[in-house]
2 protein chains.
Amino acid sequence: MTQVRTVDGRIAGRRGQATRARLLECLGELIASTSYRDVTVIDVARQAGTSPATFYQYFPDIQTAVVELANEVLREAAALKDLASEQNWTGRSGGAAAGALVDGFLDFWRQHDAILRVVDLAAAEGDRRFSRIRMKLFNSVVQALTEAITELQRSGKLDAEVHPAATAGALVTMLAASAAHTKAFDSWSVKEGELRSGLTRLVAWGVTGRKPS
Amino acid sequence: MTQVRTVDGRIAGRRGQATRARLLECLGELIASTSYRDVTVIDVARQAGTSPATFYQYFPDIQTAVVELANEVLREAAALKDLASEQNWTGRSGGAAAGALVDGFLDFWRQHDAILRVVDLAAAEGDRRFSRIRMKLFNSVVQALTEAITELQRSGKLDAEVHPAATAGALVTMLAASAAHTKAFDSWSVKEGELRSGLTRLVAWGVTGRKPS
DNA sequence: ACGTACTTGTGTCATACCGTCAGTTTATAT
DNA sequence: ATATAAACTGACGGTATGACACAAGTACGT
């Protein structure tokens, strides 16, 4: 962890770090409760009980502060990796592994939906910083799934023509987008549990190429 | 089609409709070329060679104008329906149907990515108008796939425990999100063609429960 | 305890955008 | 040609933005 600095290069002390953290926290709350488009520096400062100038002491603009928030989320996402790597995807335990991955993803997304939404948008708009974060966010899981698929191919249990990374990426993308739009599933009268088991089935088959038991 | 009206309730004539259309067109260009957050009424007006006041004559705010744009996209999306309904999903033609659906989806998304991005965000943030549009956008395809799955179940070719709408919704969500984030696949070194065939395989199996030929 | 050096927070200002109005220009009907 | 309605514009008050100088607070050595 590099040292926390103010915009003009000074090293922030204990109090400064507390203010900075409070600003980030309030920014997170605002993003969650209002439209991303409407979040302004003044709002954040007010919410944190301070002034705009104080905000600009720690962040050059809102975007940068959001990047910071996203990086925090990224750090927490490390836990997702364990759900995908070192798992046994064949047989009965394969279904369990897929189920755990799906649950983990949905829960993680629900927990951080506001920030992840913004990351998604900014990444799609081409902002490099956010693309990087989104990529890293998925990377561990995608890589774990890719390896699992490659391994199954090596042992002859799966067609060689399946492209491991494409399949893994598509599955992870599906999980993320489904988590972000659970409301849409509501409108199709799909209940939470049905969505989870549907996703689980698709993930299990996508990885193994075989009907899950 | 109801008559085009100004904000203060008057019916717009030929010239007015042209200006309105030009404003919408410029809004579309701006959303495509700059960050959604930064698109302002003044920018749109300037781009269209008119004044902000003129914009407010036809739209109460930017959101409403974006809704209008999204509705245009929705109208064009009718073509997607044909790619999913009345298809034969079994056997060799099933793979072709899935491939056509994937291609259609990716192309459609690429063509309208900027607006669809905004629709996605606003829908995720809970804006009813955009949720509705997004839902309708997917609805025809989701329903077609749901029916296909249900039909396969009725004829005993697919496990009864598969939830048709959940599966169809997840697949369509996967297609949309994959299309919106093709750059992410770049970073995983997945080429366009590999993505298409990977998605095709997942869609074909998701619908039929059988390995595509 | 006190003064000094440094960090943190505030008040203020120029600028830019928003949304509205009164009023001018352009089209249409008689 | 004239009346009437539609379309557009310039300008304005109000407000958020972002930058800066300076005041208030804090830690630390003596």
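Hydrogens, waters and symmetry mates are skipped; everything else that's a heavy atom, side chains included, is used. Chain letters run A, B, ... following the sequence lines, proteins first, then strands; residues in each count from 1. Note that the structure is a prediction, hence the values are computed from the model and not measured.
One finds no side-chain N or O of Thr19(A) lying less than 4.0 angstrom from the OP1 or OP2 phosphate oxygen of dT8(C).
Protein atom CD of Gln57(B) is 13 Å distant from nucleotide atom C1' of dG23(C), rounded to whole Å. A straight line from CZ of Phe59(A) to P of dG9(C) spans 12 Å, rounded to a whole angstrom. For the pair Phe55(A) CZ and dT10(C) P, the interatomic distance rounds to 15 Å; values are reported in whole Å.
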Run the side-chain donor-acceptor check on residues 95-110 of chain A: report pairs under 3.5 Å with partners two or more places apart or on a different chain.
| residue | atom | partner | partner atom | Å |
| --- | --- | --- | --- | --- |
| Asp103(A) | OD1 | Arg196(A) | NH1 | 2.7 |
| Asp107(A) | OD1 | Arg196(A) | NH2 | 3.0 |
| Arg110(A) | NH2 | Glu192(A) | OE1 | 3.4 |

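When the shell of 6.0 Å around CZ of Arg132(B) is examined, it contains 12 or fewer heavy atoms from other residues, nucleotides or ligands.
Judged by distance alone, the side chain of His112(B) and the main-chain N or O of Ile115(B) form no donor-acceptor pair under 3.5 Å.
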Indicate for each nucleotide in nucleotides 11-26 of chain D, in 5' to 3' sequence, whether protein heavy atoms under 4.0 Å reach the base (B), only the sugar-phosphate (S), or nothing (-). -----SBB-B-----S
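Between Thr167(B) and Arg201(A) the shortest side-chain heavy-atom distance falls below 4.5 Å.
Separation of atoms OG1 (Thr182(B)) and NZ (Lys191(B)) is listed at 14.0 Å; rounding is to 0.5 Å.
Counting any heavy atom pair closer than 4.0 Å across all strands shown, Thr54(B) reaches a base atom.
Counting only residues at least two apart or in different chains, side-chain hydrogen bond (donor to acceptor under 3.5 Å, both in side chains) contacts with residues 61-71 of chain A comprise Arg20(A)-Glu68(A), Tyr36(A)-Gln63(A), Asp61(A)-Thr64(A), Thr64(A)-Arg129(A).
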